[in-house]
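Note that this is a predicted model, so its numbers are computed, not measured. Position 1 is the first residue of the sequence; numbering continues from there.
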Amino acid sequence: MSRISWDQYYMTQSHLLALRSTCTRLAVGATIVRDKRIIAGGYNGSIAGGVHCSDEGCYVIDNHCVRTIHAEMNALLQCAKFGVPTEGAEIYVTHFPCLQCCKALIQSGIKTVYYAVDYKNHPYAIELFSQAGVKVEHVKLEKEYPDQNTQKKREFVTGLLNKLSQDNINQDEMNSLQNEADRLFR
């Protein structure tokens, strides 16, 4: 049996952390690693004990949810809370870090940022990482893992298809769409 690579191991951990996210806009997970050891993890969500977006909706100002703390920040804050140094560490993030998280990662001494998905990659963040000598590497997750929202997604798609069928859509087209939806959720 072959083992997964270190990059895949840590990126998978970040995707697992993202399943804890309470953000309804984008679930993100982050894992901080030093010397091949996980030292912290985080996901995007509200402050501890606070109201969650998944329960009461997002609190959006200027197209940003101000209720949510990003996964990278939560991981860094976990290190700060427990006195764990981040100098020279690496971070694995499900999505490319935003500009604010980029600056926090640089200031915390993170030396390498691995990310799985391009997401609004800000040119200035890329420039700052370069100026600071922070290595940035795209690490695509090689294996997809179960999605906890599969049933909700399937119900949503089925509902949409039912509505389409009421609009006199061709039955062959309906069957084709249903087959495609089923294939996506296997």
Any side-chain heavy-atom pair from [X] and [Y] closer than 4.5 angstrom?
X	Y	result
Cys98	His70	yes
Tyr115	Val28	no
Met73	Cys101	yes
Ile106	Leu128	yes

Starting at [atom1] of [X], measure out to [atom2] of [Y] and round the result to the nearest 0.5 Å.
X	Y	atom1	atom2	result
Leu17	Asn44	CG	CG	10.5 Å
His122	Gln100	NE2	CD	9.5 Å
Tyr43	Ile69	OH	CD1	10.5 Å

Query raised in the report: Quick one: salt bridge (charged side-chain N to carboxylate O under 4.0 Å, His left out) pairs with a partner in residues 29-44, sequence neighbours left out?
Result: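 The answer is none; no pair qualifies.
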
Quick one: side chain to side chain donor-acceptor pair (under 3.5 Å) partners of [X], sequence neighbours excluded?
X	answer
Ser108	none
Asn74	none
Gln78	none
Glu137	Lys135

Query raised in the report: Just by modelled atom types, is the Gly57 backbone N or O under 3.5 Å from a matching donor or acceptor in the Arg67 side chain?
Result: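 Flag set: sc Arg67 to bb Gly57 pair under 3.5 Å.
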
Query raised in the report: Sub-3.5 Å donor-acceptor pair from the side chain of Gln13 to the main-chain atoms of Thr31, do we have one?
Result: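 Side chain of Gln13 to backbone of Thr31, a donor-acceptor pair under 3.5 Å: no, none is there.
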
Transitively linked via ILVMFWY side-chain contacts under 4.5 Å: [X] with [Y]?
X	Y	result
Phe82	Ile38	no
Phe129	Val139	no
Leu76	Val136	yes
Val33	Met11	yes

In a table with atom names and distances, give each donor-acceptor pair under 3.5 Å that connects a side chain of residues 88-95 to protein atoms at least two apart or in another chain.
{"from": "Glu90", "atom 1": "OE2", "to": "Tyr114", "atom 2": "OH", "distance (Å)": "3.4"}
{"from": "Tyr92", "atom 1": "OH", "to": "Asp7", "atom 2": "OD1", "distance (Å)": "2.6"}
{"from": "Thr94", "atom 1": "OG1", "to": "Gly29", "atom 2": "N", "distance (Å)": "3.1"}

Query - Verdict with supporting geometry, Gln8 and Leu141, side-chain contact (heavy atoms from CB on, under 4.5 Å) - result: CA-CA 6 Å; Gln8 289 299 305; Leu141 187 64; 3.7 Å; yes

**Report entry** Test side-chain contact (heavy atoms from CB on, under 4.5 Å) applied to Val60 and Arg25, step by step
**Finding:** CA-CA 11 Å; Val60 178; Arg25 300 171 84 187; 3.9 Å; yes

Query - Residues that, via side-chain heavy atoms closer than 4.5 angstrom, fall in one hydrophobic cluster with Ile61 - result: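 Listed partners: Tyr59, Val66.
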
Using side-chain contact (heavy atoms from CB on, under 4.5 Å) as the criterion, list what pairs up with [X], not counting sequence neighbours.
X	result
Ala80	none
Glu87	none
Ile126	Phe96, Asn121
Cys79	Ile32, Ile39, Ala40, Val84, Thr86

N/O donor-acceptor pairs under 3.5 Å from side chains in residues 47-54, not counting sequence neighbours:
{"from": "His52", "atom 1": "ND1", "to": "Thr22", "atom 2": "OG1", "distance (Å)": "3.3"}

Query raised in the report: Closest approach of Ala75 and Gly42, non-hydrogen atoms and distance?
Result: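 Distance-wise, the nearest heavy atoms are CB-N, 3.8 Å.
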
